[in-house]
**Q** 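Quick one: the structure is below, and I'll ask about it shortly.
Values below: every heavy atom of this structure, side chains too, minus hydrogens, waters and symmetry copies.
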Amino acid sequence: LPEPARASSKRGKRGRAGDQKSLLRKDRSASVPADTTTIHYEKFWLYRHCSSLEQSHRQAQKAGQLFSGLLAMNVVFLGSAFISSMIFNRVAITLADVWILLSVLKVLCVFWIIYYLMGTSRKPHAVLYRDTHAGHIWVRGKFLMLFGSCSILLNVFEIGYSTILVRCKSNVEILFPVVAILFIGTQIYFLWHHSKDCIQVQHNFTRCGLMVAVATNLLEWLLSVTNDTLHMEMESQLREVEERFTGNETALCICPNTTICRVFQKGYILLYPFNTEYSLICSSMLYVIWKNVGRSISHHHSLERRPRFKLKGVLFGPVLGTCVVIIGACVFMMYQIQATSLDPSRQILVIYFTYYIVLLPLMSVCAVVGTIIHALEKKELDTVQNPTRSLDVVLLMSAALGQICMSYFSIVALVASNRRDLLNRLALAYSVLIILQNISQNVFVIDGLHRRHVVAAAEAKHEANQTPPRRMSVLELGQEIRKFSLSYIQTYSRLTWKRRVLREISFFLVLCNIILWIMPTFGSHPLFENGIERSFYGYSTWFVIVNFGLPLAVFYRMHSINGLLEVYVTA
């Protein structure tokens with residue numbers, strides 16, 4: 001054809017193709033409501049400066065996250081400045097000033113949560129998607145509810161203790177626990193029912209509210225940590241303080257010799273560690289909701305059936321883990337009795353370090369074996385965007401730095417001190433093994449979190465054939481127990497040896513991390529009470545190192561339990 005004819009034919013084809021595409025767009029827009037498939041950022045100022053709708057959505061999301069993140073950063077810096085000023089200059093900034101600031105932030109968070117529950121979440125098409133990976137049942141039930149209930153009870157004890165000593169307590173000391181109870185209760189309800197939300201309306205206001213709540217929980221954790229470490233310092237010098245202030249008339253605010261006052265005082269000290277863990281748990285869950293604001297999830301991903309926790313396919317892990325927990329509890333009680341006695345012996349430190357030296361290599365070997373099995377399984381990696389998993393990985397890596405940091409400082413002090421006694425060698429071995437165990441466990445958990453879960457056909461068929469429970473006689477109960485035992489054995493034998501070993505290892509490590517969380521949480525601090533590192537670095541320097549590392553080490557054990565449970569149910 002001549003050149004003009006070719007050009008006209010090409011233009012005609014392009015014109016027809018464009019008409020067909022426009023018709024297809026009209027059909028799609030007519031068949032699918034725009035409100036349920038798009039995220040509306042039209043009112044945002046970036047919409048007018050972006051060339052495409054998808055680019056405007058992405059830019060608006062980044063801008064909203066940036067602004068809300070800056071708001072949280074400023075709130076955290078302001079609160080940290082108050083808390084630091086209280087520590088270094090108690091005359092200018094008192095603890096009451098910090099309580100007033102936190103109370104204002106908590107009241108603001110309560111008002112925002114009520115607005116979210118009554119307004120934002122009830123708007124049309126507000127929650128089109130729900131993140132199945134967020135808010136696991138053990139996170140909400142075991143961690144959120146348990147730690148939240150203990151934190152509420154802690155504040156009740158504080159109110160009772162302050163009421164008894166009302167003659168020497170200010171109104172702020174009574175009002176602050178009341179505000180804390182209101183804040184904790186409202187936040188628990190919000191996280192229990194809306195931890196999986198991917199909110200599609202009022203993006204910027206929701207992000208700012210979530211970030212203020214995250215900052216408030218972080219400041220509450222920071223205040224709890226500083227008070228906990230100061231309480232640790234007071235316990236380490238208890239005898240000197242008692243001798244110094246015996247008969248001193250300035251110590252007027254003391255607990256009277258009544259049972260109820262002692263109960264409030266001891267209960268407050270016993271439940272104090274739960275408040276720190278609760279604040280970090282809430283910060284993590286709120287961060288996941290913040291990441292899910294405006295997020296759209298594919299239909300297949302939203303309908304994905306999450307695996308449930310079942311005590312099937314494990315036998316040796318629970319038995320060995322229970323033995324570890326029982327032995328650890330005995331060692332912990334012996335340690336506490338000796339630590340509070342008038343003449344504590346160094347032999348209990350030897351027993352304590354020996355327990356760790358036996359347990360930590362066993363945990364490291366289990367984690368290495370689990371990592372090797374993950375490599376042998378050759379499962380596909382789950383590459384779907386998952387804010388919960390990304391946060392779990394970041395928290396595991398960052399929380400492990402606390403224990404690793406303390407261990408390296410301890411290694412330098414123990415090697416440089418040139419002591420060759422048994423306690424020095426045990427403490428050195430303990431520090432080295434802690435580092436190896438943390439690294440091997442992190443590799444195992446992170447590798448397991450990225451494995452794609454596949455439900456076995458036999459397991460799904462077995463679940464489908466289950467009948468609902470009903471009332472039964474004693475004879476029928478015995479028959480059901482026998483059937484359950486046979487079903488358990490069949491499930492155990494049906495699993496492949498790789499899945500079976502992974503479940504055994506995961507459950508064993510869960511129980512080990514539980515006892516390793518209990519011991520330092522409730523007062524077992526051998527690195528602080530050993531004396532070798534303290535004499536090498538000086539009391540103030542070593543106290544700062546422990547102040548940084550110990551809260552992170554406690555949180556690492558608790559968060560490892562969450563990751564190991566996830567590996568267990570997906571194995």
**Q** Where do Phe183 and Cys109 come nearest, in terms of heavy atoms and distance?
**A**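 Shortest heavy-atom contact: CE1-CB, 3.6 Å.
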**Q** Going by heavy atoms in the side chains, are Lys106 and Glu220 under 4.5 Å from each other?
**A**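 The answer is yes; the side chains approach within 4.5 Å.
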**Q** Measure across Tyr278 and Ser151 and return the closest heavy-atom pair with its distance rounded to 0.1 Å.
**A**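 Where Tyr278 meets Ser151 most closely, the heavy atoms are CB-OG, 3.6 Å.
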**Q** Let me see the working for Thr371 and Ser440 under side-chain contact (heavy atoms from CB on, under 4.5 Å), right down to the final yes or no.
**A** CA-CA 8 Å; Thr371 305; Ser440 59; over 6 Å; no
**Q** Do you know the tightest heavy-atom contact between Gln403 and Ala553?
**A**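 Nearest heavy atoms, Gln403 then Ala553: OE1-CB, 3.2 Å.
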**Q** Any donor and acceptor pair, going by atom type alone, linking the side chain of Asn513 with main-chain N or O of Leu509 inside 3.5 Å?
**A**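 Checking the backbone N and O of Leu509 against the side chain of Asn513, a donor-acceptor pair under 3.5 Å is found.
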**Q** Find out whether Tyr268 and Leu154 are in side-chain contact, i.e. whether some heavy atom of one side chain is under 4.5 Å from a heavy atom of the other.
**A**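 Answer yes - side chains close enough.
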**Q** Counting only N and O atoms by type, is there a donor-acceptor contact under 3.5 Å from the side chain of Thr570 to the main-chain atoms of Val567?
**A**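 Flag set: sc Thr570 to bb Val567 pair under 3.5 Å.
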**Q** Less than 4.5 Å apart, side chain to side chain, heavy atoms only: is that true for Val214 and Val76?
**A**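 Val214 vs Val76: side chains apart.
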**Q** Treating Asp97 as the side-chain partner and Thr94 as the backbone partner, does any N or O pair qualify as donor plus acceptor under 3.5 Å?
**A**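 Indeed, once roles are kept as given, a pair shorter than 3.5 Å links the two residues.
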**Q** To the nearest 0.5 angstrom, please state how far the SG atom of Cys208 sits from the NE2 atom of His203.
**A**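 It is 13.0 Å, given to the nearest 0.5 Å.
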**Q** Please examine the side chains of Phe444 and Val368, heavy atoms only from C-beta on, and report whether any two atoms are closer than 4.5 Å.
**A**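 Val368 does not reach Phe444 side chain to side chain.
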**Q** With heavy-atom distances below 4.5 Å as the criterion, would you say the side chains of Trp290 and Gln65 are in contact?
**A**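 Side-chain contact under 4.5 Å: yes.
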**Q** Dump the intermediate steps for side-chain contact (heavy atoms from CB on, under 4.5 Å) on Leu395 and Ser284, then the final yes or no.
**A** CA-CA 9 Å; Leu395 289 178; Ser284 304; 3.3 Å; yes
**Q** Working note: Ser283 + Trp221, criterion side-chain contact (heavy atoms from CB on, under 4.5 Å); need CA distance, chi angles, decisive distance, verdict.
**A** CA-CA 10 Å; Ser283 299; Trp221 174 80; over 6 Å; no
**Q** So, taking the atom named OG1 in Thr216 and the one named CG in Leu108, what distance separates them when rounded to the nearest 0.5 Å?
**A**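 Here the interatomic distance stands at 8.0 Å.
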**Q** Spell out, as yes or no, whether a donor-acceptor pair under 3.5 Å connects the side chain of Glu504 to the backbone of Gly317.
**A**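 Yes, Glu504 side chain to Gly317 backbone: donor-acceptor pair under 3.5 Å.
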**Q** To the nearest 0.5 angstrom, please state how far the CD1 atom of Ile372 sits from the CG atom of Asp447.
**A**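 If I round to the nearest 0.5 Å, the distance is 11.5 Å.
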**Q** Main chain of Met558, side chain of Asn562: is a donor-acceptor contact present, judged purely on distance under 3.5 Å?
**A**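 Not a single qualifying donor-acceptor pair exists.
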**Q** Any donor-acceptor pair under 3.5 Å linking the side chain of Gln200 with the backbone of Arg295?
**A**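 Yes; at least one donor-acceptor contact below 3.5 Å.
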**Q** If we ignore hydrogens and angles and just use 3.5 Å, is the side chain of Ser84 paired with the main-chain N or O of Ala81 as donor and acceptor?
**A**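 Judged by distance alone, no pair lies under 3.5 Å.
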**Q** Looking at Met397, I'd like to know if its CE atom is crowded, meaning that more than 12 non-hydrogen atoms belonging to other residues, nucleotides or ligands lie closer than 6.0 Å.
**A**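 Not more than 12 within 6.0 Å, no.
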**Q** Where is the tightest heavy-atom contact between Glu566 and Leu449, given as atom of each residue plus distance?
**A**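 Between these two residues, the closest heavy atoms are CG-CD2, 3.3 Å.
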**Q** Just checking Tyr115 against Trp112, ring centres under 6.0 Å apart?
**A**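 Distance test on ring centres: not under 6.0 Å, no.
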**Q** Pick out which of Leu511, Ile505, Val510 makes a side chain to side chain contact (heavy atoms under 4.5 Å, CB included) with Leu564.
**A**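 When side chain to side chain contact (heavy atoms under 4.5 Å, CB included) is applied between Leu564 and each of Leu511, Ile505, Val510, only Val510 qualifies.
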**Q** Looking at side-chain heavy atoms only, is the closest gap between Leu95 and Leu223 below 4.5 Å?
**A**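 Yes; the side chains approach each other to less than 4.5 Å.
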**Q** Is a donor on one side and an acceptor on the other found under 3.5 Å between the side chain of Arg557 and the backbone of Ile514?
**A**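 Not a single qualifying donor-acceptor pair exists.
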**Q** Look only at the side chain of Thr120 and the backbone of Tyr116, and say whether a donor-acceptor pair between them is shorter than 3.5 Å.
**A**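 No, the answer is negative, given that no donor and acceptor are paired below the 3.5 Å cut-off.
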**Q** Would a 4.5 Å heavy-atom cut-off, applied to side chains only, mark Cys282 and Leu144 as touching?
**A**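 Result yes, sub-4.5 Å side-chain heavy-atom pair found.
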**Q** Minimum heavy-atom separation for Asn275 to Ser224, with atom names?
**A**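 Heavy-atom minimum between the residues: ND2-OG, 3.2 Å.
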**Q** Under the side-chain contact (heavy atoms from CB on, under 4.5 Å) rule, what do Ile446 and Asp392 come out as? Steps first, then yes or no, please.
**A** CA-CA 8 Å; Ile446 293 173; Asp392 287 339; over 6 Å; no
**Q** Flag the pair Tyr189 / His194 as yes when their ring centroid distance falls below 6.0 Å, and as no otherwise.
**A**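 No, they do not, as the ring centres are separated by 6.0 Å or more.
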**Q** To the closest 0.5 Å, what do you measure between CG (Leu146) and CD1 (Ile281)?
**A**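 Rounded to the nearest 0.5 Å, the CG-CD1 separation comes out at 10.5 Å.
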**Q** Does the side chain of Val293 reach to within under 4.5 Å of the side chain of Cys198, using non-hydrogen atoms?
**A**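 Val293 does not reach Cys198 side chain to side chain.
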**Q** If I compare all heavy atoms of Ser80 with all of Leu222, which pair ends up nearest, and what's the gap?
**A**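 Minimum heavy-atom separation between Ser80 and Leu222: OG-CD2, 3.7 Å.
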**Q** Is a side-chain donor or acceptor of Thr276 paired with a backbone partner of Tyr272 at a separation under 3.5 angstrom?
**A**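 Pair absent, no side-chain N/O of Thr276 close to backbone of Tyr272.
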**Q** How far does CD1 of Ile199 sit from CZ of Arg207, to the nearest 0.5 angstrom?
**A**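 The distance works out to 11.0 Å.
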**Q** State the CD1-SG distance between Ile435 and Cys405, to the nearest 0.5 angstrom.
**A**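 Nearest 0.5 Å value for the CD1-SG distance: 10.0 Å.
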**Q** Going through the checks in order, is the side-chain hydrogen bond (donor to acceptor under 3.5 Å, both in side chains) test met by Tyr287 and Asn217?
**A** CA-CA 11 Å; Tyr287 175 80; Asn217 282 279; over 6 Å; no
